[in-house]
Amino acid sequence: MKIKKITCIGAGYVGGPTMSVIAQKNPNVEVTVVDLNEARIAAWNDDDLSLLPVYEPGLDAVVGEARGRNLFFSTDVDKAIDEADMIFISVNTPTKTYGKGKGQAADLKYIELCARQIAAVAKSDKIVVEKSTLPVRTAEALKSILDNTGNGVNFHILSNPEFLAEGTAVTDLHNPDRVLIGGEDAEAIEALVQVYEAWVPRERILTTNLWSSELSKLVANAFLAQRVSSINAISELCEVTGANVDEVSRAIGQDSRIGAKFLKASVGFGGSCFQKDILNLVYIARTYNLHAVADYWEQVILLNDHQKSRFAEKIIKTMYNTVNGKQIAFLGWAFKKDTNDTRESAAIYVADHLLEEEANIIVYDPKVSAEQIYKDLDYLGTRSPEENRRLVKVVTDPYEALDGAHAIAVLTEWDEFKGYDWETIKEGMKRPSFVFDGRKLLDRKQLEELGFSYYAIGE
Ligand code: UDX
Ligand code: UDX
């Protein structure tokens, strides 16, 4: 079975970059990415590659190479389903905000809608690939919907979770540690293996059964997040004992059994995946009455929440227990550097906490729009949109945010912050001039010599 046409439903942070690289590396396979969101598709088709809806270093070059050749973006979902041999489902699976499992379970309504649409449209056999992160045994539900259409079409379901991290999506896709394919039908699995074999060495392509593949994705994210919460727990201990968390990280990370990655203490992890996937894991464990397992993983989230509010509390306490009317400049709003994604970003929760104390916040982020920042705050529902706009200002010039500020809070580790003219910034700020570095990004020695009061997580 040789795949000639691929369709992907969902042109988001996962679907867009993944399909762009698959098309780049398989010039003989026609790849069409479809989405219900017309504006998003229009942006993927924009002649100006700097306007792609997803900002990822290197993505413009990949899209520029493949788009129009064998990579297409479209809103015609039915046509793309009809023509494809292989269909990836890469729609979002947010945490449920209603009903059973509210706040924990993954909402699968978009996945089910996709399955029903595929079932309604398909006239020939298809391989359906789950790219979205899903609760274990979703494939079963998918298969049941697809198999009950009664029009004689055969569907093979594969699970192929994506492990790319935002900000490094293109390098991660070009050079993955592993590609994971779960499935039951050997021929269908082999067809997908061949797509990846165009650039990924065969020994890095792992094949498993469906459930192992689905579960592995949740577990990978849970383990990664757990490392961040583990080091963040230690950061609080370091602050009271005089140890330095970076030194501890380095010391333990050199143990090859522990490894050096994902041991950077921070204001807390964000992103669309970590919290959602752990909540999902917790929910699944509780469903099977495995409460000790559920409690264990839930603690990773609770510690992360603690870390975010601890950072905000530190700011308030240090500024003489009141931030009312004080100007606090936020450097960064994205959940990590090199992305315009703000989902679950720690900045949102730190801002919310400070706004409860009537602080005035001025935000600068190199890639996040004012519209997105207000949307994130409004979504919390803590205060009215008018109130958010009264208390929060968003600027496109960092020096405007910093001028006249009582304090600076570093929320994202953008490289450009390190190169700012800190001497000029110091002159423009109120005294004492506080810097709260939630990313341990800036140079303590330099800032202290300039007269800043510098606080960093875990020191
Ligand atoms: C999402 C999930 O967050 C992740 O867990 C999963 O692994 C892959 O899908 P992401 O690509 O970051 O990741 O989501 P998002 O950027 O929201 O993109 C999803 C896209 O699907 C959106 O553009 C949305 O418009 C589209 N969509 C959603 C459809 O086209 N049809 C639908 O029925 C629902
Ligand atoms: C993550 C997984 O890494 C990826 O494999 C999966 O496909 C999706 O979820 P992503 O959320 O894009 O990727 O970014 P990641 O680099 O994992 O960072 C997640 C959060 O943890 C960020 O807020 C980051 O700042 C934080 N983090 C990460 C730390 O605070 N310290 C670290 O040492 C590493």
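All ligand and atom numbering here is 1-based and tracks the order in the structure. This one's a predicted model, so the numbers in the text were calculated from it and none came from an experiment. Along the sequence shown, residues are numbered consecutively beginning with 1.
For the residue pair Thr7/Lys5, the side-chain donor-acceptor check at 3.5 Å is not satisfied. Asp35 and Trp44 form no side-chain donor-acceptor contact under 3.5 Å, judged by distance and modelled atom types alone. Defined by atom type and a distance below 3.5 Å, a donor-acceptor pair is missing between the side-chain atoms of Asp305 and Tyr349. Side-chain atoms of Tyr454 and Gln446 form no donor-acceptor pair, as typed in the model, at a separation below 3.5 Å.
Of the protein's non-hydrogen atoms, Gly12 CA, 3.2 Å is the one closest to atom 18 (O) of ligand 1. Here the protein heavy atom with the shortest distance to atom 9 (O) of ligand 1 is Val91 O, 3.1 Å. Summary of contacts: the protein heavy atom closest to atom 3 (O) of ligand 2 is Leu224 CD1, 3.7 Å. Scanning the protein heavy atoms around atom 12 (O) of ligand 2, the nearest turns out to be Glu166 N, 2.7 Å. Ranking protein heavy atoms by distance to atom 30 (O) of ligand 1, first place goes to Leu36 N, 3.1 Å. Of the protein's heavy atoms, Gly10 CA, 3.4 Å lies nearest to atom 21 (O) of ligand 1. The protein atom (non-hydrogen) at minimum distance from atom 1 (C) of ligand 2 is Phe274 CE1, 3.4 Å. The single protein non-hydrogen atom nearest to atom 11 (O) of ligand 1 is Val14 N, 2.8 Å, given as residue, atom name and distance. Atom 25 (O) of ligand 1 has as its closest protein heavy atom Asp35 OD1, 2.6 Å. Of all protein heavy atoms, the one closest to atom 14 (O) of ligand 2 is Lys336 NZ, 3.2 Å. The shortest contact between atom 26 (C) of ligand 2 and any protein heavy atom is with Phe269 CB, 3.9 Å. Among all protein heavy atoms, the one lying closest to atom 7 (O) of ligand 1 is Thr133 N, 2.8 Å. Protein heavy atom nearest atom 28 (C) of ligand 1, with residue, atom name and distance: Asn92 OD1, 3.4 Å.
Among the atoms of Lys276, some N or O lies under 3.5 angstrom from an N or O of ligand 1. Close N/O approach between Leu113 and ligand 1 is not found [any backbone or side-chain N/O within under 3.5 Å]. Annotation: Tyr110 places no N or O atom under 3.5 Å from an N or O atom of ligand 1; distance criterion only. Residue contacts with ligand 1: Cys273 is placed with no nitrogen or oxygen under 3.5 Å of a nitrogen or oxygen of the ligand (distance criterion only). By the 3.5 Å distance cut-off applied to N or O atoms, Asn37 is not counted among the residues near ligand 1. Where the criterion is an N or O separation shorter than 3.5 Å, residue side chain and backbone included, Val34 fails it with respect to ligand 1.
Residue pairs meeting the side-chain hydrogen bond (donor to acceptor under 3.5 Å, both in side chains) criterion with at least one member in residues 255-265, sequence neighbours excluded: Asp255-Arg257.
The shortest heavy-atom contact between Ser132 and Val91 is OG-O, 2.6 Å. The two atoms that bring Lys308 and Val267 nearest to each other are CG-O, 3.3 Å, heavy atoms only.
Only one option out of Thr18, Ile22, Val33 pairs with Phe88 in a side chain to side chain contact (heavy atoms under 4.5 Å, CB included); it is Ile22.
Here is the list of ligand 2 atoms found below 4.0 Å of a heavy atom in Lys217: 6 (C), 7 (O). Atoms of ligand 1 lying under 4.0 Å from at least one heavy atom of Arg40, given by number and element, are 15 (P), 16 (O), 18 (O), 20 (C), 22 (C), 23 (O).
In Asn232, neither the side chain nor the backbone holds a heavy atom less than 4.0 Å from any atom of ligand 2. Using a 4.0 Å cut-off between heavy atoms, Lys131 contacts ligand 1 through its backbone alone, with no side-chain atom that close. Only the side chain of Arg343 comes within 4.0 Å of ligand 1, counting heavy atoms alone; its backbone N, CA, C and O stay farther away.
Across Phe335, Phe163, Phe262, heavy-atom proximity to atom 17 (O) of ligand 2 is greatest for Phe262. When the heavy-atom distances from atom 24 (C) of ligand 2 to Arg439, Glu413, Lys337, Lys264 are ranked, the shortest goes to Arg439. Selection from Val228, Thr412, Asn221 by nearest heavy atom to atom 27 (N) of ligand 2 gives Val228.
Not close to ligand 2: Lys261, with no non-hydrogen atom less than 4.0 angstrom away.
Between atom CZ of residue Phe436 and atom OG1 of residue Thr318 there is a gap of 4.0 Å, rounded to the nearest 0.5 Å.
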